[in-house]
A.B. asks: 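So that we are looking at the same thing, I have put the structure below in structure tokens.
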Amino acid sequence: MRTLITGGAGFIGSHLCERLLANGHDVLCVDNLITGHLENIEHLSGQDRFQLRLHNISEPLEIDGPVDNILHFASPASPVDYLRHPIPTLKVGSLGTHNTLGLAKLKKSRYLLASTSEVYGDPEQHPQRETYWGNVNPIGVRGVYDEAKRFAEAMTMAYHRSHDVDTKICRIFNTYGERMRLDDGRVVPNLMGQALRGEPLTVYGDGSQTRSFCYVGDLVEGIIRLLNADFHEPVNLGNPNEVTILDFAREILELTGSKSEIIFKPLPQDDPRVRRPDISRARNVLGWEPAVARRDGLRRTLEFFRDRVDL
Ligand code: UDP
């Protein structure tokens with residue numbers, strides 16, 4: 001089994017590389033390191049079944065030999081990252097998806113698209129089921145990511161319907177764990193970094209907005225199951241355990257034993273008010289649900305950040 005993964009040096013991508021190698025795959029990791037890091041895959045680079053190609057997948061890619069699976073995970077994915085790289089984000093979701101689907105068609109590969117809960121935008125239905133079409137502001141600052149992923153889903157379904165490519169789409173909800181970047185701007189690394197440094201924890205808005213956090217190990221299990229499933233409609237992957245951001249900040253204080261105060265900052269534009277996956281489809285189709293409690297996952301993540309934070 002030979003598997004190509006774009007964004008393989010990123011947070012989720014690197015966990016997938018590791019898991020696929022452990023499952024006996026040959027892994028070809030493609031990354032241009034715009035937000036990925038070599039450090040994430042350093043421990044894999046000695047294995048002869050692991051190969052790295054430094055390449056921007058928004059440009060066409062030629063590969064020699066067979067490719068059994070293509071996993072398209074390349075994209076800036078945190079709000080801070082895609083606001084910093086708006087055009088590369090639009091390009092990797094559109095051109096990058098087109099290039100990888102073209103390769104899947106040529107090589108007759110199975111194809112899995114990493115999509116996102118952002119396709120639901122600021123949702124008017126709660127929790128979010130896959131049948132909901134979403135509420136996205138196309139010209140807002142988050143539109144570069146949301147619309148790129150919505151386009152990517154449309155392109156993926158078109159290749160499935162028109163060219164019979166064996167495609168799958170996972171809609172990934174907020175995920176955390178080891179190898180997140182401390183400076184990616186997301187709420188987990190931000191608050192943990194602040195707590196570890198004894199700085200105030202920054203809560204945006206009044207903190208009443210909600211998110212539902214999934215540990216990366218659980219997510220990877222769901223992705224592998226979806227890759228092996230005969231199912232082509234999108235599947236939500238995430239943890240339905242929902243929390244307000246203010247309560248989440250309090251949890252981080254308790255977990256770290258930090259005496260930091262919580263301060264409030266302006267809410268970013270188009271920040272979704274609520275987010276929680278309905279995972280009935282993943283339960284029924286994949287027999288999957290998250291197994292790691294937030295407390296346990298956050299503890300592991302904290303250990304990872306503790307070694308890396310500049311004090
Ligand atoms: N957030 C926060 N403080 C931070 C970073 C983020 O209160 O230091 C909030 C953000 O406004 C959002 C939620 O936490 O409501 C999750 O933000 P994140 O950037 O992790 O990802 P999102 O779920 O918005 O894509």
A.B. asks: Is it the case that the side chains of Asn236 and Tyr120 hold a donor-acceptor pair, with the cut-off being a distance below 3.5 Å and no angle test?
C.D. replies: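 Tyr120 vs Asn236: donor-acceptor pair found between side chains.
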A.B. asks: Please report the closest heavy-atom contact between Pro123 and Pro272, naming both atoms and the distance.
C.D. replies: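 Nearest pair, atom of Pro123 first, then Pro272: CD-CB, 4.2 Å.
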A.B. asks: Would you tell me whether His43 and Glu18 have side-chain atoms, one donor and one acceptor, within less than 3.5 Å of each other?
C.D. replies: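 His43 vs Glu18: donor-acceptor pair found between side chains.
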A.B. asks: Provide the closest heavy-atom pair for Ile223 versus Leu112 in the form atom of the first, atom of the second, distance.
C.D. replies: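 So the minimum-distance heavy-atom pair works out to O-CD1, 3.8 Å.
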A.B. asks: Within the 3.5 Å criterion, strictly below it, is a donor on Gln194 or Thr202 matched to an acceptor on the partner's side chain?
C.D. replies: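 Present: a donor and an acceptor within the cut-off.
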A.B. asks: Would you say that Val67 contacts Leu106 through its side chain, given a criterion of any heavy-atom pair below 4.5 Å between the two side chains?
C.D. replies: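 The answer is no; the side chains never approach within 4.5 Å.
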A.B. asks: Are the side chains of Leu4 and Thr6 in contact, using a 4.5 Å heavy-atom criterion?
C.D. replies: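 Sidechains of Leu4 and Thr6: in contact.
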A.B. asks: Please determine whether the number of non-hydrogen atoms from other residues, nucleotides or ligands lying under 6.0 Å from atom NZ of Lys105 exceeds 12.
C.D. replies: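 12 or below, so no.
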A.B. asks: One thing to verify: whether Arg150 and Glu153 come together as a salt bridge, which I'm taking to mean a side-chain N less than 4.0 angstrom from a carboxylate O.
C.D. replies: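 A salt bridge is absent here (no side-chain N lies under 4.0 Å from a carboxylate O).
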A.B. asks: Looking at Glu118 and Lys149, is any side-chain nitrogen of the basic one under 4.0 Å from a carboxylate oxygen of the acidic one?
C.D. replies: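 Glu118 and Lys149: not salt-bridged.
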A.B. asks: Do Leu191 and Val188 have side chains that get closer than 4.5 Å, going by heavy atoms?
C.D. replies: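 Contact flag for Leu191/Val188 side chains = no.
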A.B. asks: Is a side-chain donor-acceptor pair under 3.5 Å present for Asn69 with Arg2?
C.D. replies: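 Absent: no donor and acceptor within the cut-off.
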A.B. asks: Using a strict 4.0 Å threshold on nitrogen-to-oxygen distance, state whether Glu303 and Arg306 make a salt bridge.
C.D. replies: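 Counted as a salt bridge, because a side-chain N and a carboxylate O are separated by less than 4.0 Å.
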A.B. asks: May I ask you to test the His72-Ile5 pair for a side-chain heavy-atom distance under 4.5 Å?
C.D. replies: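 His72 does not reach Ile5 side chain to side chain.
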A.B. asks: Please determine whether a side-chain nitrogen of the Lys or Arg among Glu221 and Arg19 lies less than 4.0 Å from a carboxylate oxygen of the Asp or Glu.
C.D. replies: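 A salt bridge is present here (some side-chain N lies under 4.0 Å from a carboxylate O).
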A.B. asks: Given the side-chain rings of Phe213 and Phe248, with only the six-membered ring counted for Trp, is the space between their centroids under 6.0 Å?
C.D. replies: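 So the answer is yes for these two rings.
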A.B. asks: Side chains of His37 and Arg181: closer than 4.5 Å at any heavy-atom pair?
C.D. replies: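 With C-beta onward as the side chain, the pair touches.
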A.B. asks: Does the side chain of Arg276 come under 3.5 Å of the side chain of Ser212 through a donor N or O and an acceptor N or O?
C.D. replies: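 The criterion, which ignores hydrogens and geometry beyond distance, is not satisfied for Ser212 and Arg276.
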A.B. asks: Does atom CG (Asp64) have a neighbourhood of more than 12 heavy atoms from anything else shown, all under 6.0 Å?
C.D. replies: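 At most 12 heavy atoms, drawn from other residues, nucleotides or ligands, come within 6.0 Å of this atom.
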A.B. asks: If we count only N and O atoms by modelled type, under 3.5 Å, do the side chains of His55 and Glu62 hold a donor and an acceptor together?
C.D. replies: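 The answer is no; no qualifying pair exists.
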A.B. asks: Would you kindly say whether Ser258 and Arg197 are connected by a side-chain donor-acceptor distance under 3.5 Å?
C.D. replies: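 Checked: Ser258/Arg197 side chains show no N/O donor-acceptor pair below 3.5 Å.
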A.B. asks: State plainly whether the residues Arg211 and Asp271 are in salt-bridge range, i.e. N to O under 4.0 Å.
C.D. replies: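 Judged by the 4.0 Å cut-off on N to carboxylate O distance, Arg211 and Asp271 do form a salt bridge.
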A.B. asks: Heavy-atom distance under 4.5 Å between the side chains of Ile172 and Ile12, does that happen here?
C.D. replies: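 Yes, their side chains come closer than 4.5 Å.
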A.B. asks: Check whether any side-chain heavy atom of Tyr132 lies under 4.5 Å from a side-chain heavy atom of Glu124, and answer yes or no.
C.D. replies: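 Side chain of Tyr132 against side chain of Glu124, heavy atoms only: contact under 4.5 Å found.
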A.B. asks: Just by distance, with hydrogens left out, do Arg275 and Asn174 show a side-chain donor and acceptor under 3.5 Å apart?
C.D. replies: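 Result is yes, a qualifying pair exists.
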A.B. asks: Is any NZ, NE, NH1 or NH2 atom of the basic residue among Arg294 and Glu251 found under 4.0 Å from an Asp or Glu carboxylate oxygen of the other?
C.D. replies: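 Counted as a salt bridge, because a side-chain N and a carboxylate O are separated by less than 4.0 Å.
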A.B. asks: Hey, does Asp81 have a side-chain heavy atom less than 4.5 Å from the side chain of Thr89?
C.D. replies: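 With C-beta onward as the side chain, the pair stays apart.
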A.B. asks: Would you say the side chains of Thr100 and Tyr111 form a donor-acceptor pair under 3.5 Å?
C.D. replies: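 On atom types as modelled, these side chains qualify, holding a pair under 3.5 Å.
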A.B. asks: Quick one: do the Asn135 and Asp122 side chains pair a donor with an acceptor below 3.5 Å?
C.D. replies: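 No - no donor-acceptor pair under 3.5 Å links their side chains.
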